[in-house]
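As the structure is a prediction and not an experimental result, all values here were calculated from the model. Atoms within each ligand, like the ligands themselves, are counted from 1 in listed order.
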Amino acid sequence: MTRQRELQQNHFKHAIKQGQVQLGLWTQLGSAIAAEILSGCGYDFMGLDAEHGPSEYMDIYAQLQACAAGGPTQPVVRLPNQDISLIKRYLDAGANTLMVPQVDTPEQAETLVSAVRYPPRGIRGYCGAPRASNFGRIKNYAAVCEREICLIVMPETITALDNLEKMAAIDGIDGFFIGPGDLAASLGYIGQPMHPEVIKTIEESGRRIKAAGKAAGILCTDEQQTRRYIEVGFQIIAIGSDQGLLTQGAENLLAKFRQ
Ligand code: 3PY
Ligand code: MG
């Protein structure tokens, strides 16, 4: 990043616009070391989770640095909430793909779009030389950054699903990543993201998102169901997590010797 003078292309954003499937790894360890190691594995994206993971702002900042060093995986920062001052800080830190949880209404979605755009199109506060502009070396950053910023919102409730088409019609929302855990809870099946009714609703929602011309995403660690979601048209798929891989790997290794 040190000599970068031009804003890099957000491959993830362009890939989803072209209808390509992007396979990702969810990360909850909040570790820059793990992020650097994992970002060289070849996943299309890595979800840096500041909602349910332990990461605070500086932890995400360090993971963004680690991803830039490890590459080429695209970091996707999942925010803890819809706080627009946090959106500004993560964008300044160089996160160009943001995922926002629990977005239920078109009004909320419009506010989020506005938060990632500089005036006069939006309300993002201006900083002359943020990390996102390589500390001022990318001179036209403010003029061109919108092209590479990708905004994904998470429909996670029945209300959000009722509003899907209205939210999908908003220019500036690039994708919808369904939270299967929260959606299952909203549907009355807490802790059962693989319940047939939940899966049916997720698949229907994926088809509606695709029909509305936006990219649909999901987190799913079941191989067969993941393949099915891809068939249905889901494009942004987190297929596992650093925490899950660590636990499974460590437990499987020990089990070979402790039968
Ligand atoms: C959910 O399952 O609710 C999510 O937010 C995915 O991590
Ligand atoms: Mg959720």
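No hydrogens or angles considered: nothing links the side chains of Q248 and Q243 as a donor-acceptor pair under 3.5 Å. T157 and Q102 share no donor-acceptor pair across their side chains, judged by distance under 3.5 Å alone. Under 3.5 Å, the side chains of N96 and Q74 contain a donor-acceptor pair of N or O atoms.
By the 3.5 Å distance cut-off applied to N or O atoms, G181 is counted among the residues near ligand 1. Looking at E51 next to ligand 1, no N or O pair under 3.5 Å apart turns up. Below 3.5 Å of separation, one finds an N or O of R78 facing an N or O of ligand 1. The shortest N/O to N/O separation between W26 and ligand 1 does not fall below 3.5 Å. Looking at L219 next to ligand 1, no N or O pair under 3.5 Å apart turns up.
Residues in residues 33-54 take part in these side-chain hydrogen bond (donor to acceptor under 3.5 Å, both in side chains) pairs, two or more places apart or across chains: W26-D49, D49-R78, E51-R78.
Not a single heavy atom of P101 sits closer than 4.0 Å to an atom of ligand 1.
Ring centroid separation for the pair Y57 and Y90 comes in under the 6.0 Å cut-off.
Every atom of ligand 1 is numbered from 1 in the order shown, and the set under 4.0 Å from a heavy atom of D182 is 1 (C), 2 (O), 3 (O). Using a 4.0 Å cut-off to heavy atoms of M154, the atoms of ligand 1 that qualify are 4 (C), 5 (O).
Scanning for ring pair (Phe, Tyr, Trp, His ring centres under 6.0 Å) contacts around F257 gives an empty result, with sequence neighbours left out. Under the rule for a side chain to side chain contact (heavy atoms under 4.5 Å, CB included), the partners of A115 that lie at least two apart in sequence or sit in another chain are I84, I87.
The minimum heavy-atom distance linking F234 with G206 is given by the pair CZ-CA, 3.5 Å.
The Mg ion (ligand 2) has E156 OE1, D182 OD2 as protein N, O or S atoms under 2.8 Å away.
The backbone N or O of G47 sits less than 3.5 Å from a side-chain atom of T27, completing a donor-acceptor pair.
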Could you go through the side-chain contact (heavy atoms from CB on, under 4.5 Å) check for S205 and I178 one step at a time?
CA-CA 9 Å; S205 307; I178 295 174; 3.7 Å; yes
